[in-house]
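The structure is given below, and queries will be raised subsequently.
Indexing begins at 1, ligand by ligand and atom by atom, following the structure's order. All figures in this text were calculated on a predicted structure; none of them were measured in a lab.
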Amino acid sequence: QCIGSTTIARSSQQNSTRDKVSTMVEKQVSDVSDNGKVTVDEAIAPKRKLHLIGGIALIVGTMIGSGIFISPKGVLQASKSVGLSMIIWLGCGVISMLSSLAYIELGTLITMSGGEFSYLCEGLCPLLAYLYAWSSVIILRPASMAVICLTFAEYVAAICFDECGPPIIFVKCLAAAAIIFITAVNCYSVELAVRIQVFFTVAKIVALLIIIIGGFVYIGKGVLNDLPEGFQGSQTSPSVIALAFYDGLWAYDGWNNLNFAVEEIYDPYRNLPLAILIGIPLVTILYLLTNVSYLAVMSKVDLLAAATVGGTWANRVLGTAAIIIPISVAFSTFGAANGSCFTCSRLAYAAAREGHLPEVLAHLHVTKKTPILSLLVTSFISLCMIFPSNVSSLIDFFSFTAWFFYGCAFLSLIVMRFTKKNANRPFKVFILIPVVMLIISIYLVIAPIVKDPEIGLLYAFLITIGGLIFYFPFVYFKWYPPYMDEITSFFQLVFEVGPTKYESF
Ligand code: ARG
């Protein structure tokens with residue numbers, strides 16, 4: 001059995017380090033066990049601080065980021081008609097909903113943080129889980145955080161500078177400052193990070209409501225632009241349609257976010273399903289209505305020519321108040337970055353606890369219970385990704401690899417129906433749902449390769465496979481490099497962190 005075993009094996013090698021931390025924990029933590037002797041494992045476990053609202057905010061607040069203000073252009077460009085583009089936006093919502101239904105079963109069957117990592121580890125094989133953790137923690141999630149923060153910085157800079165625009169270095173430094181601020185908040189307190197997430201989620205919902213109401217005022221006045229055109233001139237090539245789906249799915253990405261923090265959800269059997277069942281339909285409805293509003297206010301030609309769809313919409317409808325939209329996008333992306341930072345660190349934490357990443361990443365701060373080191377490492381990688389110029393191209397790579405691993409998670413659900421027949425499943429989805437989602441994932445992975453076998457996809461594949469270099473010595477053969485205990489102990493003392501234990505729900 002993969003889960004738990006490594007933690008115990010490693011712990012026994014680390015008695016000396018543990019003693020030091022036990023003393024530290026004893027000094028700082030009041031809830032010591034009856035016999036007065038603190039075992040570190042008992043003392044440090046994540047606290048369940050995510051209630052329903054926080055859970056919804058973690059889903060909705062990461063899904064709504066920059067995508068809805070930018071992607072409509074890409075979707076329309078690829079689909080070529082108003083009708084098909086609306087169908088694609090709806091289709092992306094349905095895909096996210098069906099996927100999340102499967103993830104409700106996964107998240108309540110395996111009540112561990114780490115999302116796909118834990119499901120692949122339990123349902124398929126540890127190697128696949130490792131490759132997922134490796135590619136996500138080293139590249140995918142930091143890259144998506146970097147892209148979101150760069151978008152945030154571009155919008156904030158656009159508010160502060162005139163038409164000539166800000167110097168690029170200003171934008172990059174602002175993005176870096178956002179990452180540092182978000183990391184600091186997440187290290188400081190889980191509650192504060194959740195509160196920030198809730199605040200920004202409310203702000204972005206209000207922003208989308210403004211866009212929706214503005215559009216309907218236009219429709220009320222009889223302005224419909226190309227809306228009545230329907231399906232005229234629709235794209236018919238399935239592989240180009242897959243690309244349109246990629247654009248839309250980026251805007252919906254984040255639907256699985258809560259599954260990364262299951263150990264921190266209060267009453268996960270209730271709150272995980274509820275947050276998903278409320279969050280995803282809410283985002284789908286908001287996205288669809290926002291698109292209707294864009295298409296009512298702008299013609300197809302205008303929309304395709306717009307630098308940012310949201311910006312052009314605002315200039316038309318809000319006039320002098322158009323500034324509201326860049327501010328909203330800045331809020332929206334900031335919140336999404338906060339959510340991404342929160343969940344990425346939980347993934348690193350869960351993978352490290354199983355011995356798939358360096359052990360200190362699985363340590364929590366003794367009193368704040370935040371995974372400080374995994375936060376610092378993932379944010380540091382994001383910081384490094386801010387400065388090269390072509391981070392956005394990583395988004396395509398992101399979708400390709402992400403859908404490969406989502407597909408594996410659906411497969412693991414199907415496999416576990418056989419291998420864990422009698423396990424406690426508070427929620428059991430109709431088996432066709434993961435089967436259909438598995439087929440859709442295969443299509444989303446294969447279509448771009450067939451259509452346009454870009455070199456970036458090969459890089460994506462090579463980087464993922466490259467993780468094997470570390471897998472065999474460190475994870476499979478459990479080779480323990482010299483001075484590792486000393487290094488771990490150093491980090492423990494400096495950051496006041498200690499090893500953790502998985503507490504089943
Ligand atoms: N949907 C978000 C947006 O439109 C991007 C989410 C990136 N994914 C993630 N897991 N952080 O900007």
For the residue pair Trp403 and Phe410, categorise the inter-ring angle as parallel (less than 30°), tilted (30 to 60°) or perpendicular (more than 60°).
->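 Tilted, since the angle between the ring planes falls between 30° and 60°.
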
Looking only at distances, please establish whether an N/O atom of ligand 1 is found under 3.5 Å from an N/O atom of Ile64.
->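 No.
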
Heavy-atom contacts with Thr62 under 4.0 Å: which atoms of ligand 1 show up? List them by number with element.
->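 Contacts of ligand 1 toward Thr62, numbered from 1: 1 (N), 2 (C), 6 (C), 11 (N).
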
Please check if any side-chain donor atom of Ser374 sits under 3.5 Å from a side-chain acceptor atom of Ser345, or the reverse.
->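 Not at all, the side chains of Ser374 and Ser345 share no donor-acceptor pair under 3.5 Å.
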
Glu263: which of Arg353, Arg48, Arg346, Lys49 passes salt bridge (charged side-chain N to carboxylate O under 4.0 Å, His left out) |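 Testing each of Arg353, Arg48, Arg346, Lys49 against Glu263, the sole residue satisfying salt bridge (charged side-chain N to carboxylate O under 4.0 Å, His left out) is Arg353.
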
Is the closest heavy-atom distance from Arg141 to ligand 1 below 4.0 Å?
->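 Contact present.
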
Quick check, are the ring centers of Phe152 and Phe334 under 6.0 angstrom apart?
->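 Yes, close enough.
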
Can you say whether the rings of Tyr471 and His356 are parallel (under 30°), tilted (30 to 60°) or perpendicular (over 60°)?
->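 Tyr471 and His356: perpendicular rings.
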
Report yes if some N/O of Ala251 lies less than 3.5 Å from some N/O of ligand 1; otherwise report no.
->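 N/O-N/O distance below 3.5 Å exists for this pair.
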
Do any N/O atoms on Tyr252 end up under 3.5 angstrom from N/O atoms on ligand 1?
->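 No; every N/O pair is 3.5 Å or more apart.
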
Rounded to the nearest 0.5 Å, how far apart are OG of Ser293 and CD1 of Ile219?
->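 It is 7.0 Å, given to the nearest 0.5 Å.
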
Heavy-atom contact under 4.0 Å between Ala336 and ligand 1?
->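 Under 4.0 Å: no for Ala336.
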
Check ligand 1 against Ser340 and write out every atom of the ligand that is under 4.0 Å from a heavy-atom position of the residue.
->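 The atoms of ligand 1 under 4.0 Å from a heavy atom of Ser340 are 9 (C), 11 (N).
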
Indicate the ring-plane relationship of Tyr103 and Tyr406, choosing parallel, tilted or perpendicular according to the 30° and 60° boundaries.
->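 Perpendicular.
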
Could you list which atoms of ligand 1 come closer than 4.0 Å to a heavy atom of Gly67?
->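 It comes down to these atoms of ligand 1: 3 (C), 4 (O), 12 (O).
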
Side chain, backbone, both or neither: the part of Ser66 lying under 4.0 Å from ligand 1 by heavy atom |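 It is both parts that get close, each with some atom under 4.0 Å.
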
Does an N or O from Met63, backbone or side chain, lie closer than 3.5 Å to an N or O of ligand 1?
->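 It does: an N or O of Met63 is found under 3.5 Å from an N or O of ligand 1.
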
